[in-house]
Amino acid sequence: MYGLVDCNNFYVSCERVFNPLLRNKPVVVLSNNDGCIIARSNEAKSLGIPMGAPLHLYKTLIEKNKIFIYSSNYTLYGDMSSRVMSSLNYFVPDMEIYSIDEAFLDLRKFNEKTISDKMFEIRQFVYQWTGIPVSIGVGPTKTLAKLANKMAKKHSPKGVYVLTMSEHLRNILSEIKLEDIWGISKGWANRLKSIGINNPFELQQSDPRQIRKLVSVVGERMVYELRGNSCLSLENIVDKKSITVSRSFGHMIDDKYNLKQALANHVARAAEKLRSQDSLCGEICVFINTNRFRKKDLQYNNSGILPFDDLTDNTNIIMKKAFKVLDRLYRPNYNYKKIGVILLDLKQRKKDVTNNDYIIQDNLFTYNKNHKNIANTSDIHMKILDDINTKMGKMTLFYGSQGVVKHSERKQIEKDKWRMRSFYRSPFYTTNWADILRVS
DNA sequence: TCTGGGGTCCTAGGACCC
DNA sequence: TCTGGGGTCCTAGGACCC
């Protein structure tokens with residue numbers, strides 16, 4: 001089983017820890033420049049304030065109901081987040097920090113019968129140690145755990161909900177919307193509806209290959225996940241693959257000097273982030289935007305990328321390059337609203353990637369050194385995988401593609417082969433293709 | 001007047017190699 | 001008039017997430 005822990009109204013809860021007077025009162029937290037409402041207490045939610053609402057549209061409602069307003073304090077939230085995460089880690093060693101306020105737990109070593117009690121206990125301790133209330137959803141896959149968490153927030157006053165494969169789950173899936181499933185948003189929901197799939201239950205019952213054609217392997221995985229077949233394992237991604245720092249301006253800016261000033265701040269911050277994760281970057285991207293909400297203004301949105309001669313984490317070097325890009329991008333006579341920098345092509349300074357750790361991308365299942373799951377592949381390789389399966393005692397599902405005529409199909413085969421090769425690079429099997437073919 | 005910021009993954013298809 | 005077969009690497013753009 002997997003668990004998903006989600007902090008309730010996280011930013012608001014953080015503010016409440018340090019100001020208990022805010023308890024049971026309506027509270028909202030604002031974005032940069034106090035522009036949007038990005039967190040709401042339950043009380044504020046029930047007053048009808050939507051997520052991401054522009055503050056100016058709700059001024060009267062806020063004043064009328066005496067809603068408390070806070071500018072965001074990310075340093076505080078970051079600190080509170082790590083306290084919550086280390087509390088969880090105390091109980092569950094295998095976990096994945098998914099976002100600032102969410103973590104997946106690997107509960108497979110826990111006794112299923114007592115899992116619910118255990119979750120209550122964890123929840124209680126986290127609150128005691130950090131002051132942050134959390135909800136915990138438990139399910140056979142990450143996708144179902146995510147759903148269980150939603151159920152916990154909605155229907156369970158004690159904040160814990162355990163979902164198992166049952167008639168009950170079937171009923172739930174029939175009653176909720178496609179968009180309630182993690183990974184499905186409006187665009188995909190519409191596509192699914194266009195082929196007659198109207199709710200998650202129908203998605204669960206559908207032909208995975210058909211879904212793959214419609215919404216890629218990501219959608220195909222969802223089908224299996226909804227059936228209780230785990231396709232997504234816990235990931236311990238500590239290092240970011242790209243680092244962005246950007247801000248909107250409080251006022252419009254049209255001169256290069258001020259843009260440069262802002263860019264300099266962002267670059268310094270980005271370089272700090274880069275060094276704090278011990279990475280080097282190979283490329284820099286700078287982007288500038290005018291105010292997209294002012295339809296009458298002339299619009300100009302552009303970005304530029306430049307490589308570094310050598311990988312670097314040096315602020316000065318990055319800064320010079322950033323200015324160079326800005327020189328190319330800048331056009332006079334526009335009112336600029338936003339500028340940002342993205343560090344790309346990040347590499348680890350310390351190479352601690354072991355040869356045993358093979359992650360296969362672009363497939364249904366991921367396989368790694370923990371053998372949590374196994375990769376899928378084409379029919380051509382079915383027997384080989386079957387053999388591996390027998391030896392490893394794991395379940396495999398297959399996605400087939402045969403015939404090499406069209407370009408796209410060739411690509412498919414190519415990918416399958418690539419997967420297989422990665423597979424055989426694992427410590428358990430030969431890298432010799434002759435051997436592989438003999439097995440099949 | 002005022003409208004956030006920071007990420008990841010997947011796919012098709014082009015460039016290029018033997 | 002015909003125009004192989006197999007393979008790697010890269011990128012833009014489009015999804016999705018919190």
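Lettering follows sequence order; numbering is per chain, from 1. Side chains are part of it too, since the values below use all heavy atoms of this structure and drop only hydrogens, waters and symmetry mates.
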Participant: Considering just the side-chain nitrogens and oxygens of A/R294, establish if one lies under 4.0 Å of OP1 or OP2 belonging to B/dT3.
Facilitator: no
Participant: Side-chain N or O of A/R292 less than 4.0 angstrom from OP1 or OP2 on B/dG4?
Facilitator: yes
Participant: How is A/D101 classified with respect to the nucleic acid when contacts are heavy atoms under 4.0 Å: base, sugar-phosphate, or nothing?
Facilitator: sugar-phosphate
Participant: Counting just side-chain N and O atoms, does A/S246 come under 4.0 Å of either OP1 or OP2 of B/dG5?
Facilitator: no
Participant: Can you see if the side chain of A/S248 gets near the phosphate of B/dG5 - specifically, an N or O under 4.0 Å from OP1 or OP2?
Facilitator: yes
Participant: Would you indicate what A/I100 reaches in the nucleic acid, counting non-hydrogen atoms under 4.0 angstrom: base, sugar-phosphate, or nothing?
Facilitator: nothing
Participant: When you get a sec, tell me which of B/dG6, B/dG4, B/dT3 is the closest nucleotide to the side chain of A/H56?
Facilitator: B/dT3
Participant: Atom CD1 of A/I342 and atom P of C/dT11: how far apart are they, to the nearest Å?
Facilitator: 15 Å
Participant: Which heavy atom of A/K273 sits nearest to which heavy atom of A/V245, and what is that distance?
Facilitator: NZ-CG2, 4.1 Å
Participant: Ignoring backbone atoms, establish whether A/K338 has a side-chain N or O less than 4.0 Å from OP1 or OP2 of B/dG5.
Facilitator: yes
Participant: Which nucleotide in the set B/dG5, B/dT3, C/dC17 lies at the smallest distance from any side-chain heavy atom of A/Y98?
Facilitator: C/dC17
Participant: Nearest-Å distance, CH2 (A/W182) to C1' (B/dG7)?
Facilitator: 14 Å
Participant: Is a side-chain N or O of A/S46 found less than 3.5 angstrom from the main chain of A/N42, in a donor-acceptor match?
Facilitator: yes
Participant: Within the pair A/K186 and C/dG14, is there a side-chain N or O less than 4.0 Å away from OP1 or OP2?
Facilitator: no
Participant: In whole angstrom, what separates A/F104's CZ from C/dC18's C1'?
Facilitator: 11 Å
Participant: Rounded off to whole Å, could you give me the CG-to-P distance for the A/N265 and B/dG5 pair?
Facilitator: 14 Å
Participant: Which value, in whole Å, describes the distance between the C1' atoms of nucleotides B/dC17 and C/dG4?
Facilitator: 15 Å
Participant: Could you work out which one of C/dC18, C/dC16, B/dT8 sits closest to the side chain of A/E102?
Facilitator: C/dC18
Participant: Please state how far atom CD in A/E272 lies from atom P in B/dG6, giving the value in whole angstrom units.
Facilitator: 14 Å
Participant: Does the side chain of A/R212 get closer than 4.0 angstrom to OP1 or OP2 of B/dC10 through an N or O atom?
Facilitator: no
Participant: Validate the cation-pi geometry between A/R331 and A/Y334: distance from NZ or CZ to the six-membered ring centre under 6.0 Å, angle to the ring axis within 45°.
Facilitator: no
Participant: Which whole-number value in Å describes the distance from A/I49 CD1 to B/dG4 P?
Facilitator: 17 Å
Participant: Between C/dC18, B/dT3, B/dG7, which nucleotide gets closest to the side-chain atoms of A/N291?
Facilitator: B/dT3
Participant: About how many Å separate CG of A/L329 and NZ of A/K256, when rounded to the nearest 0.5 Å?
Facilitator: 10.0 Å
Participant: Looking only at side-chain atoms of A/C36, point me to the closest of B/dG6, C/dC18, B/dT3.
Facilitator: B/dT3
Participant: Go through the side-chain N and O atoms of A/D101 and A/S99 and say whether any donor and acceptor fall under 3.5 Å apart.
Facilitator: yes
Participant: Has A/S242 got a side-chain N or O lying under 4.0 Å from the OP1 or OP2 atom of B/dT8?
Facilitator: yes
Participant: Do the side-chain N or O atoms of A/R221 get closer than 4.0 angstrom to the phosphate oxygens (OP1, OP2) of B/dC9?
Facilitator: no
Participant: Take A/V245 and A/G250, find for each the nucleotide of DNA chain B with the closest heavy atom, and name the residue whose nucleotide sits nearer the 5' end.
Facilitator: A/G250
Participant: If you look at every strand shown and take non-hydrogen atoms under 4.0 Å, does A/I243 touch a base, only sugar-phosphate, or nothing?
Facilitator: sugar-phosphate
Participant: A/K240 has an atom NZ; how far is it from atom P of C/dC17, in whole Å?
Facilitator: 18 Å
Participant: Strictly by modelled atom types, are A/Y77 and A/D79 linked by a side-chain donor-acceptor pair under 3.5 Å?
Facilitator: no
Participant: Between B/dG6, B/dT11, B/dT8, which one does the side chain of A/S216 approach most closely?
Facilitator: B/dT11
Participant: It should be established whether A/T244 places a side-chain nitrogen or oxygen under 4.0 Å from OP1 or OP2 of nucleotide B/dG7.
Facilitator: yes
Participant: Using atom CD1 of A/I38 as one end and atom C1' of B/dT3 as the other, report the distance to the nearest whole Å.
Facilitator: 13 Å
Participant: Looking at the side chain of A/F293, which of B/dG4, B/dG5, B/dT8 is the nearest nucleotide?
Facilitator: B/dG4
Participant: What closest approach, in Å, do A/V138 and A/M119 show between heavy atoms, and which atom pair accounts for it?
Facilitator: CG2-CG, 3.9 Å
